[in-house]
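These numbers come from a predicted model, not from an experiment. Here is how names work: the chains are called A, B, and so on, in the same order as the sequence lines, proteins then strands, and each is numbered from 1.
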Protein chains: 2
Amino acid sequence: MSPISRQPNKQDTHADFSYTEQALHTLKHAGLRITKPRKVVIDLLDNSPVPLSAYEIKEKIDSLGEKIDTVSVYRIIETLEKHHLIHRLLSSSKVQKCRLSPESSCDKHQSDHCHHLLVCSECHTVSEVHCPGANDLVQAVQQAAHFQITSHAIEFYGVCGSCSG
Amino acid sequence: MSPISRQPNKQDTHADFSYTEQALHTLKHAGLRITKPRKVVIDLLDNSPVPLSAYEIKEKIDSLGEKIDTVSVYRIIETLEKHHLIHRLLSSSKVQKCRLSPESSCDKHQSDHCHHLLVCSECHTVSEVHCPGANDLVQAVQQAAHFQITSHAIEFYGVCGSCSG
DNA sequence: TTCACTGCAAACCTTTTGCAATTCT
DNA sequence: AGAATTGCAAAAGGTTTGCAGTGAA
């Protein structure tokens with residue numbers, strides 16, 4: 001059950017609430033404290049169209065005159081990731097706010113929230129998709145190789161609608 | 001003689017030639033020079049069952065009394081990757097020799113040699129598979145999102161046959 | 001001999017740990 | 001006040017650049 005009530009037909013996005021509101025609510029609901037550094041990081045991620053590294057987050061916040069320690073950024077990122085509020089790109093280990101709701105995992109059998117990433121080579125923005133057929137792929141690979149698959153990561157690279165249109 | 005004992009892997013798809021032979025041939029064919037550092041790195045990768053980071057490669061070679069600069073390792077890795085002789089793991093950015101032939105790409109339409117990785121959580125060895133159905137997945141995602149996919153990366157995590165049996 | 005390649009220097013980014021100080025509730 | 005969280009110190013690994021010297025062809 002989601003901590004936030006949703007319209008029945010808006011299953012895929014957090015459209016009812018801003019990302020910042022959603023994130024703060026999720027943290028509070030988990031018994032975590034709403035601190036200034038956390039708010040600043042969440043706000044920055046909410047407004048960044050591209051994924052950021054821990055160091056880049058620190059730099060951006062510093063340049064805004066806010067000052068934050070790199071270690072704190074790492075720990076905040078860790079917390080946000082644990083609560084499925086951000087994605088980590090495999091190809092760069094940068095992070096970005098998660099735009100799909102936790103319930104929209106491709107695999108209902110795994111607790112992992114499993115969204116797959118579309119990385120645009122032009123503008124470097126990253127969007128998320130469900131992975132229709134990903135379970136079939138997992139099954140096929142599992143059969144072909146003697147390998148028991150517990151999780152998987154998929155990233156697609158190409159050109160997004162805005163950049164190609 | 002090489003300081004590293006050679007154990008040609010007969011499970012290779014490059015069955016006629018050892019990985020080392022194949023790699024050296026590929027480099028020579030591309031007009032590149034066969035240098036001592038390159039031979040040592042290739043030999044090390046040929047005999048490593050697990051992926052290695054650039055730093056780990058440097059450490060291993062040094063411990064064999066050969067000495068190599070970290071920067072050289074990076075550049076050699078870059079060269080090998082360009083010629084499809086190694087894979088880079090997304091999840092750790094370590095590299096491993098490529099065991100499947102370049103022709104066995106999952107997607108005949110892309111020049112990319114596209115193999116998908118099976119990472120064992122137990123022994124950390126990485127094997128490669130063709131991706132039956134991956135093209136279907138790419139098509140499905142491309143349709144669902146407004147996104148023109150040019151390449152993709154897939155990693156599966158789980159337990160390999162040796163570790164589960 | 002030539003120039004592709006390596007080694008060296010140097011700088012910066014990445015990540016983790018322990019402990020003291022701070023601050024949210 | 002008490003507990004969660006941040007800042008600081010420090011260390012080690014990871015990555016990149018330019019330049020000078022070496023060595024493969």
Side-chain angles (χ1 to χ4, degrees), chain A residues 23-45 50-83 85-86 88-96, chain B residues 2-3 20 23-45 50-83 85-86 88-96 124:
Chain A
L24 294 180
H25 182 275
T26 299
L27 293 185
K28 184 170 279 182
H29 210 258
L32 300 176
R33 293 178 179 174
I34 307 303
T35 65
K36 193 176 179 186
R38 280 179 177 161
K39 278 194 282 191
V40 174
V41 170
I42 288 169
D43 202 38
L44 182 65
L45 288 174
V50 295
L52 301 170
S53 71
Y55 193 79
E56 288 169 340
I57 291 172
K58 182 227 178 358
E59 292 276 283
K60 291 223 176 214
I61 290 175
D62 280 358
S63 76
L64 291 169
E66 285 286 338
K67 290 289 173 211
I68 191 170
D69 194 85
T70 311
V71 179
S72 298
V73 175
Y74 274 99
R75 290 193 273 230
I76 291 169
I77 283 176
E78 188 181 12
T79 299
L80 295 178
E81 196 170 20
K82 190 180 298 175
H83 291 274
L85 291 167
I86 54 176
R88 182 181 297 272
L89 265 89
L90 284 174
S91 42
S92 66
S93 110
K94 299 184 176 192
V95 298
Q96 187 173 50
Chain B
S2 165
T20 296
L24 294 180
H25 181 274
T26 300
L27 292 186
K28 184 169 279 180
H29 211 257
L32 300 176
R33 292 178 179 173
I34 307 304
T35 65
K36 193 176 179 187
R38 280 180 177 161
K39 278 194 282 192
V40 174
V41 169
I42 289 169
D43 202 36
L44 181 65
L45 288 174
V50 294
L52 301 170
S53 70
Y55 193 82
E56 287 168 342
I57 290 173
K58 183 231 182 346
E59 292 275 282
K60 290 222 177 217
I61 290 175
D62 279 359
S63 75
L64 291 168
E66 284 286 337
K67 290 288 173 211
I68 189 170
D69 194 86
T70 311
V71 179
S72 299
V73 175
Y74 274 100
R75 290 194 272 231
I76 291 169
I77 283 177
E78 188 180 12
T79 299
L80 295 178
E81 196 171 20
K82 189 180 298 175
H83 291 273
L85 292 167
I86 55 175
R88 182 182 297 272
L89 264 90
L90 286 174
S91 43
S92 66
S93 111
K94 299 186 176 192
V95 298
Q96 187 173 48
H124 303 109

Nearest of C/dT16, D/dG13, C/dC8 to any side-chain atom of B/D69?
-> C/dC8

Length of the NZ-P vector between B/K58 and C/dT6, whole Å | 14 Å

Hey, does the side chain of B/T70 come within less than 4.0 Å of D/dG13's phosphate (OP1/OP2), counting only N and O?
-> no

B/R38 side chain, from C-beta outward: closest of D/dG14, C/dT6, D/dT6 = C/dT6

In whole angstrom, what separates B/R33's CZ from C/dT2's C1'?
-> 8 Å

Regarding the side chain of A/R75, the nearest nucleotide among C/dG18, C/dC5, D/dG2 is C/dG18

Which whole-number value in Å describes the distance from B/L80 CG to C/dC5 C1'?
-> 14 Å

Toward the 5' end of DNA chain D, which comes first, B/Y55 or B/K36, by nearest nucleotide?
-> B/Y55

How do A/I76 and B/E59 order along DNA chain D: which one's closest nucleotide is nearer the 5' end?
-> A/I76

Would you mind reading off the distance between A/K82 atom NZ and D/dA4 atom C1', rounded to a whole angstrom?
-> 13 Å

Search all heavy atoms of A/H83 against all heavy atoms of A/A30 and return the closest pair with its distance.
-> CE1-CB, 3.4 Å

Could you tell me the separation between the CD atom of A/E56 and the P atom of C/dC12, rounded to a whole number of Å?
-> 16 Å

B/V73 to B/A54 - nearest heavy-atom pair and separation | CG1-O, 3.5 Å

Rounded to the nearest 0.5 Å, what separation is found between the CZ atom of B/R88 and the OG atom of B/S53?
-> 10.5 Å

Quick one: A/E78 CD to C/dT14 P, roughly how many Å, whole number?
-> 17 Å

Distance below 4.0 Å between B/T35 side-chain N/O and D/dA24 OP1 or OP2 = no

Compare side-chain N and O positions of B/S92 against OP1 and OP2 of D/dG14 and report whether any pair is under 4.0 Å apart.
-> no

Between B/Y74 (OH) and C/dG7 (C1'), how many Å, whole number?
-> 16 Å

Give the nucleotide from the list C/dT6, D/dT6, C/dT25 with an atom nearest to the side chain of B/S72.
-> C/dT6

Considering only side-chain heavy atoms of A/V71, which listed nucleotide, C/dG7, D/dG7, C/dT17, is closest?
-> C/dT17

Please tabulate, for side-chain N and O atoms in residues 58-68 of chain A, each donor-acceptor pair with protein atoms closer than 3.5 Å (sequence neighbours left out).
unit_1	atom_1	unit_2	atom_2	d
A/K58	NZ	A/D62	OD2	2.7
A/K58	NZ	A/I68	O	2.9
A/D62	OD1	A/I68	N	3.0
A/S63	OG	A/K60	O	2.8

Which heavy atom of B/R38 sits nearest a heavy atom of B/R33, and at what distance?
-> NH1-O, 2.8 Å

What integer distance in Å separates A/D62:CG from D/dT6:P?
-> 15 Å

